[in-house]
Amino acid sequence: MQTIDPVRKKRIKPSFATRRVAFADICLLDTAATDLAPGDILLARVDKPSHHKRIERPDGRKALMLPGDEILIAAGSRYAPDQFEAFTPSTVGQAHLVAAGGICGIVVAAHSATRSPTEVTVLGAVCRDDGQRIRLADYAVRAEPPADIPRVPAIAICGTAMNAGKTTTLASLVRGYALAGMKVAAIKITGTGAGGDLWSFHDAGAHLVRDFTDAGFATTYREPVEQILEGARRLVAEALAAGAEVILLEIADGLHQRETAELMKCDQLRQMVAGVVFAASDAMGAEAGSEWLQEAGHRVLAVSGKLTASPLAIRETEFATGLPVLTAEALASPETALLLAMTEQSIDLSAAA
């Protein structure tokens, strides 16, 4: 064990993914760790900035990383078809910064158009003064639902793939409910730790914003779906306790991503949500995705996403799916948002317990 003195601690650049970690708890560094696990908090030295030249701080500012900087990050895997696939490092030593939000992994595959990953050296696992390793799960939300759960509708937003327009869809819906005077909770239950999506939900007027890092996950790639679902249940419980009148759940990546597919097929998730708004980039994706969701037992409320930038694509999608196709502007309308929330089904957390 190595002591982290106050002068050194002051120079450390914390990342967004570690924002819930109490800095006062950081005392020691296990420089010989050989059993690192997802969610472990690590101290790393920046060796060669490349794809990620800046690290997202807890307040959202993108801080420039210079060689020799020490950064506080979380061990985790990453699934990003347009960037990297990476696995959790098992030991100290050479690794990569695989997400600007502060995720440390070992890159095993990369998109051909992506620059090489930023190289770091994991100096050790961060520990408390008693030698106990610090993990994201130590600071996770532990909320339980109120005794009398109110009738609150929940809508899931998922899509064909990364960059299909899911976040824009959810943020637009947040705006619609906020303009209608409702307290809306925006919760991202899967993905890779980063703040960009959450800041957009805040800016749109969400009453409460949370993601899987608040439930103790650095990322959800390669995590057991049962645990992801339990994390989602606790975040929804917190939203209900905070007085949310409608809850929006974003599920990252596409329907062919393993955790997303398994979640969307879970009875527990189906019972948590009243319906799905599906984001797609084209009519073919919208048709295939909406059929997949309906076969999995979901009620598809509408289609949105990148395809709505094209009037022709909207027309194709309406013809192919028979579903309403809603632009971001339409979703931000209080009237449209309220229509989507009109359902007899309210959230059922007992099924996910």
Side-chain angles (χ1 to χ4, degrees), residues 16 19-20 58-60 136-137 139-158 166-191 195-217 228-252 263 268-277 299 301-302 328 331-353:
F16 177 85
R19 69 194 184 284
R20 295 184 69 94
D59 62 4
L136 277 185
Y139 306 91
V141 168
R142 304 294 180 191
E144 290 296 330
D148 298 318
I149 298 178
R151 292 185 62 83
V152 172
I155 297 171
I157 289 84
C158 61
K166 296 182 295 295
T167 298
T168 299
T169 296
L170 193 146
S172 301
L173 263 179
V174 166
R175 188 62 177 164
Y177 290 118
L179 290 174
M182 297 181 70
K183 294 179 179 178
V184 54
I187 302 173
K188 186 172 182 178
I189 65 173
T190 66
D197 293 355
L198 304 194
W199 303 127
S200 68
F201 303 155
H202 276 293
D203 292 344
H207 174 66
L208 180 136
V209 175
R210 293 288 183 268
D211 78 350
F212 47 88
T213 61
D214 295 297
F217 299 97
I228 297 171
L229 193 60
E230 170 58 20
R233 190 188 74 86
R234 285 188 270 113
L235 295 178
V236 170
E238 183 189 26
L240 291 171
E245 296 170 306
V246 61
I247 296 173
L248 304 178
L249 303 177
E250 181 181 346
I251 295 95
L263 276 170
Q268 295 95 324
L269 185 70
R270 278 196 297 268
Q271 291 165 357
M272 286 176 69
V273 301
V276 177
V277 176
R299 178 185 173 207
L301 304 171
L331 291 169
S333 157
E335 294 77 15
T336 301
L338 290 172
L339 280 174
L340 289 175
M342 289 178 64
T343 174
E344 291 300 314
Q345 181 179 339
S346 55
I347 195 160
D348 180 3
L349 285 185
S350 61

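Because the structure is a prediction, the values reported are computed rather than measured.
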Donor-acceptor contact present, side-chain Thr190 to main-chain Ile251, <3.5 Å:
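Checked: no pair found.
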Between His207 and Ala242 (side chain of the first, backbone of the second, donor and acceptor by atom type, cut-off under 3.5 Å), is there such a pair?
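Such a contact is found between His207 side chain and Ala242 backbone.
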State, to 0.1 Å, how close [X] and [Y] come at their nearest heavy-atom pair, and which atoms those are.
X: Val174; Y: Ala206; result: CG1-N, 3.4 Å
X: Ala332; Y: Leu179; result: O-CD1, 3.6 Å
X: Ala185; Y: Ala244; result: CB-CB, 3.9 Å
X: Ala143; Y: Ala237; result: O-CB, 3.8 Å

How long is the straight-line distance from [atom2] of [Y] back to [atom1] of [X], given to the nearest 0.5 Å?
X: Ile157; Y: Leu301; atom1: CD1; atom2: CG; answer: 9.0 Å
X: Glu250; Y: Leu198; atom1: CD; atom2: CG; answer: 9.0 Å
X: Leu263; Y: Gln268; atom1: CG; atom2: CD; answer: 9.5 Å
X: Asp203; Y: Arg175; atom1: CG; atom2: CZ; answer: 10.0 Å
X: Phe217; Y: Ile228; atom1: CZ; atom2: CD1; answer: 6.0 Å
X: Thr167; Y: Asp197; atom1: OG1; atom2: CG; answer: 3.0 Å

Apply side chain to side chain contact (heavy atoms under 4.5 Å, CB included) to Leu338 and Met182, showing your working.
CA-CA 10 Å; Leu338 290 172; Met182 297 181 70; 3.4 Å; yes
State, with a plain yes or no, whether a side-chain heavy atom of [X] is found less than 4.5 Å away from one of [Y].
X: Phe201; Y: Leu170; answer: yes
X: Leu229; Y: Met272; answer: yes
X: Asp214; Y: Arg20; answer: yes
X: Val236; Y: Leu249; answer: yes

side-chain contact (heavy atoms from CB on, under 4.5 Å) with Ile247: which of Ile155, Leu240, Leu235, Leu208?
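Running side-chain contact (heavy atoms from CB on, under 4.5 Å) over Ile155, Leu240, Leu235, Leu208 with Ile247 returns exactly one hit, Leu240.
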Quick one, Arg234 with Glu230, criterion salt bridge (charged side-chain N to carboxylate O under 4.0 Å, His left out). Give me CA distance, side-chain angles, the key distance, then yes/no.
CA-CA 6 Å; Arg234 285 188 270 113; Glu230 170 58 20; 3.4 Å; yes
Under the side chain to side chain contact (heavy atoms under 4.5 Å, CB included) criterion, do Leu340 and Tyr177 qualify, and how do the steps go?
CA-CA 10 Å; Leu340 289 175; Tyr177 290 118; 4.0 Å; yes
